[in-house]
K.L.:
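Starting off with a structure, shown below.
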Number of protein chains: 2
Amino acid sequence: MEDVAKRAGVALGTVSNVINRPQKVSRSTIEKVQRAISELGFVPNRAARALAAGTSNTIGVVIADLSNSFFVDMARGAESVAAESSINVVLANTDMRRSKQASNLDLFRQERMAGILLAPLPGADSSLLTGRNGTPLVFLNDAAIEGACTVSVDNEHGGYLAATHLLAIGRRRLLFAGDPAQAVPIADRLRGVERAVREVVDASLEVIRTPEVQAENGRTLGFDIASRPTSERPDGIIAAADLLALGLVQILGSDPSIRIPEDIAITGYDNNRAAWESLVPITTIAQPGEQIGAVAMALLLEEIRDPEGHEHAHSVLEPTLVVRASTQRT
Amino acid sequence: MEDVAKRAGVALGTVSNVINRPQKVSRSTIEKVQRAISELGFVPNRAARALAAGTSNTIGVVIADLSNSFFVDMARGAESVAAESSINVVLANTDMRRSKQASNLDLFRQERMAGILLAPLPGADSSLLTGRNGTPLVFLNDAAIEGACTVSVDNEHGGYLAATHLLAIGRRRLLFAGDPAQAVPIADRLRGVERAVREVVDASLEVIRTPEVQAENGRTLGFDIASRPTSERPDGIIAAADLLALGLVQILGSDPSIRIPEDIAITGYDNNRAAWESLVPITTIAQPGEQIGAVAMALLLEEIRDPEGHEHAHSVLEPTLVVRASTQRT
DNA sequence: GAATGTAATTGAAGCGCTTCACAATATACC
DNA sequence: GGTATATTGTGAAGCGCTTCAATTACATTC
């Protein structure tokens with residue numbers, strides 16, 4: 001930077017001003033300095049800047065599992081909001097390992113990031129906030145944390161939406177597939193389903209716990225249902241996840257005695273690629289991943305700009321129903 | 001850090017030594033200093049360290065598209081190698097946008113990262129290397145670049161593997177689906193297929209260009225093939241991607257006059273989740289994503305440790321054939 | 001033309017660490 | 001005991017920037 005100053009015939013501080021506060025510098029000086037910068041191929045040193053300024057203008061996003069596109073969507077939403085304020089975003093992948101979550105958080109705090117967005121592993125609590133050196137932190141996809149902003153999705157409402165949709169198209173013998181004890185969001189979804197069922201007099205609900213929510217589990221359950229006498233089959237199935245629904249559709253759809261959706265209508269959850277690539281496209285509940293990221297970033301920027309006046313908010317976003325052929329012929 | 005030194009009753013430099021070169025410090029001093037560190041909740045400032053030391057110990061990975069699990073695998077492989085040398089890894093998502101690729105590279109160079117791993121957008125060239133301030137850079141999944149290390153996969157061999165497999169199970173009327181003009185890797189795969197076909201006297205090859213390689217295109221092509229007279233149908237199909245193969249399997253598999261794999265065997269490419277979640281699991285060519293990341297990180301670390309003696313390497317990894325039910329009954 | 005105000009520029013003082021020449025202390029050997 | 005050799009510990013210099021009080025240049029106004 002000194003070389004740039006010398007070459008442009010100005011002082012060190014002026015170069016800094018050209019870079020950070022151009023409105024404070026005269027037009028002609030800006031040009032001189034910028035010419036010198038490009039002639040010298042000057043690359044500013046952010047480490048020095050972060051040190052001198054006490055904070056960087058980069059925000060770190062720690063993601064529980066990058067192989068899950070839901071989280072990638074959040075990152076994308078966060079980035080688009082950050083870009084508007086020309087703030088940089090870097091990511092770190094927790095890869096479902098608790099130790100990496102901790103080390104990634106440490107890393108970003110040590111780098112004196114302007115702020116951190118964290119999509120935590122299940123079971124996050126406010127202990128993740130301790131040890132922080134004042135770096136603002138917003139939680140993604142987790143509502144149950146005090147002492148910080150959180151942005152999450154209303155899973156109970158998602159379950160309610162799915163069930164209401166099935167009830168609306170005349171289904172009365174509903175089946176929920178997925179283990180509510182396995183994950184809090186699944187339990188929430190089930191509660192929403194139960195609420196919807198309670199609202200309709202002659203509707204019934206059966207719950208079948210699957211060990212996981214993969215396609216394989218859906219197929220197993222599919223064979224089970226196909227082997228039942230017709231009268232004991234459900235006429236509407238709410239799967240706790242799209243892959244589970246996919247497995248169900250694969251098996252039930254290839255049974256000649258069962259028509260989808262006439263005999264059995266099926267809904268998934270998440271709006272995975274699996275849902276729309278299926279031979280029978282699957283009705284699903286779409287989670288607003290990008291929106292989560294965008295809202296969280298907005299909250300974080302607000303906290304960064306006004307750390308004193310900031311009050312922690314808990315934003316809950318609504319999922320939406322995406323109707324496809326697995327519940328409704330087009 | 002000064003406070004830590006004071007509290008531990010040692011000099012500033014000693015605290016630094018405890019953190020960076022504990023072997024130079026006596027056992028008792030280490031303990032004193034560490035106690036002070038934890039009592040004071042001291043969080044080292046990496047910005048200052050990077051400035052003073054002239055380089056950080058974190059490596060930046062710029063990924064063309066994080067929603068593609070192939071790239072996420074690379075990141076994972078890179079991280080696991082970096083972790084062995086306790087080097088940190090942060091990611092940036094290009095999200096298929098050229099401008100973001102440039103800005104992410106800038107960012108990492110300005111941060112004075114120890115090195116950069118870049119999975120570039122199609123059409124990368126060595127211009128991405130100019131303007132770099134000596135930051136070592138290794139290209140992922142791209143072979144055609146001079147002046148830097150590259151790690152890529154042998155797509156020609158992948159195509160050869162797929163075709164050889166079909167020929168080995170007795171198929172002679174092969175069909176390649178996918179547009180070689182659309183992407184260089186697809187053209188490479190086709191070349192491999194052609195080579196394999198040339199090696200077998202009575203084998204023939206038909207090429208059908210699909211606009212894209214999505215499931216939808218596979219379905220369209222599937223209907224086309226199903227409508228042909230039996231004698232004009234291929235008995236082996238090599239799809240340029242798994243989703244394309246999935247679409248084919250969905251349509252051909254539900255046609256009562258066609259059995260998979262007896263009448264038509266189908267291979268995909270990439271080993272996507274789509275391939276193994278299919279009702280008929282799809283034979284595919286697996287790309288060693290994690291290995292690409294691991295090898296690239298190893299090369300990068302080598303270059304960082306010995307910038308002078310380093311010679312750029314072009315590592316080409318081999319894909320592997322994964323046989324599933326779409327070509328072979330189990 | 002002097003007084004006043006505003007805009008542009010300067011340069012020195014740090015930011016929190018690493019590094020390194022040097023000093024202090026301990027250990028080994030003759 | 002004295003000298004050489006490790007082993008530890010010290011603290012000042014400086015990494016490349018931001019910031020800000022102080023200075024200078026230039027326009028207005030009366």
K.L.:
Is the H310(A)-H312(A) ring centre distance short of 6.0 angstrom?
P.N.:
yes
K.L.:
Ignoring hydrogens and angles, tell me if any N or O in the side chain of N93(A) forms a donor-acceptor pair with the backbone of D95(A) under 3.5 Å.
P.N.:
yes
K.L.:
Give the C-alpha distance, both sets of side-chain angles, the deciding distance and a yes or no for side-chain hydrogen bond (donor to acceptor under 3.5 Å, both in side chains) between Q287(B) and D270(B).
P.N.:
CA-CA 6 Å; Q287(B) 310 229 54; D270(B) 286 346; 3.1 Å; yes
K.L.:
Applying side-chain hydrogen bond (donor to acceptor under 3.5 Å, both in side chains), which residue pairs with at least one partner in residues 78-87 of chain B are found, sequence neighbours left out?
P.N.:
K100(A)-E79(B), S85(B)-R305(B)
K.L.:
From the list dT10(D), dT8(D), dT9(C), which nucleotide is the closest neighbour of the side chain of T29(B)?
P.N.:
dT8(D)
K.L.:
What is the distance from CD1 of I30(A) to C1' of dT9(C), rounded to the nearest Å?
P.N.:
13 Å
K.L.:
Would you mind reading off the bend of the helix from dG1(C)-dC30(D) to dC30(C)-dG1(D) from its two end axes, five pairs each, to 10 degrees?
P.N.:
40°
K.L.:
So what does S26(B) touch, heavy atoms closer than 4.0 Å: a base, only the sugar-phosphate, or nothing?
P.N.:
sugar-phosphate
K.L.:
Take the protein atom CD of E31(B) and the nucleotide atom P of dT8(D), then report the distance between them rounded to whole Å.
P.N.:
14 Å
K.L.:
What pairs of residues pass the side-chain hydrogen bond (donor to acceptor under 3.5 Å, both in side chains) test when at least one of them lies in residues 34-45 of chain B, not counting sequence neighbours?
P.N.:
R7(B)-E39(B)
K.L.:
For a quick check, with a 4.0 angstrom heavy-atom cut-off, what is the B/S/- contact string for nucleotides 12-27 of chain D, read 5' to 3'?
P.N.:
--BBBBBB--------
K.L.:
Please report, to 0.1 Å, the donor-acceptor pairs under 3.5 Å made by any side chain of residues 137-144 of chain B, with sequence neighbours excluded.
P.N.:
from	atom 1	to	atom 2	distance (Å)
D142(B)	OD1	A144(B)	N	3.4

K.L.:
Short question: side chain of Q101(A), backbone of L121(A) - any donor-acceptor pair under 3.5 Å?
P.N.:
yes
K.L.:
Quickly work out the K24(A) NZ to dT10(C) C1' distance and round it to whole Å.
P.N.:
15 Å
K.L.:
Which atom pairs, donor and acceptor, lie under 3.5 Å between side-chain atoms of residues 53-61 of chain B and protein residues at least two apart or in another chain?
P.N.:
from	atom 1	to	atom 2	distance (Å)
S56(B)	OG	T58(B)	N	3.1
S56(B)	OG	T58(B)	O	3.4

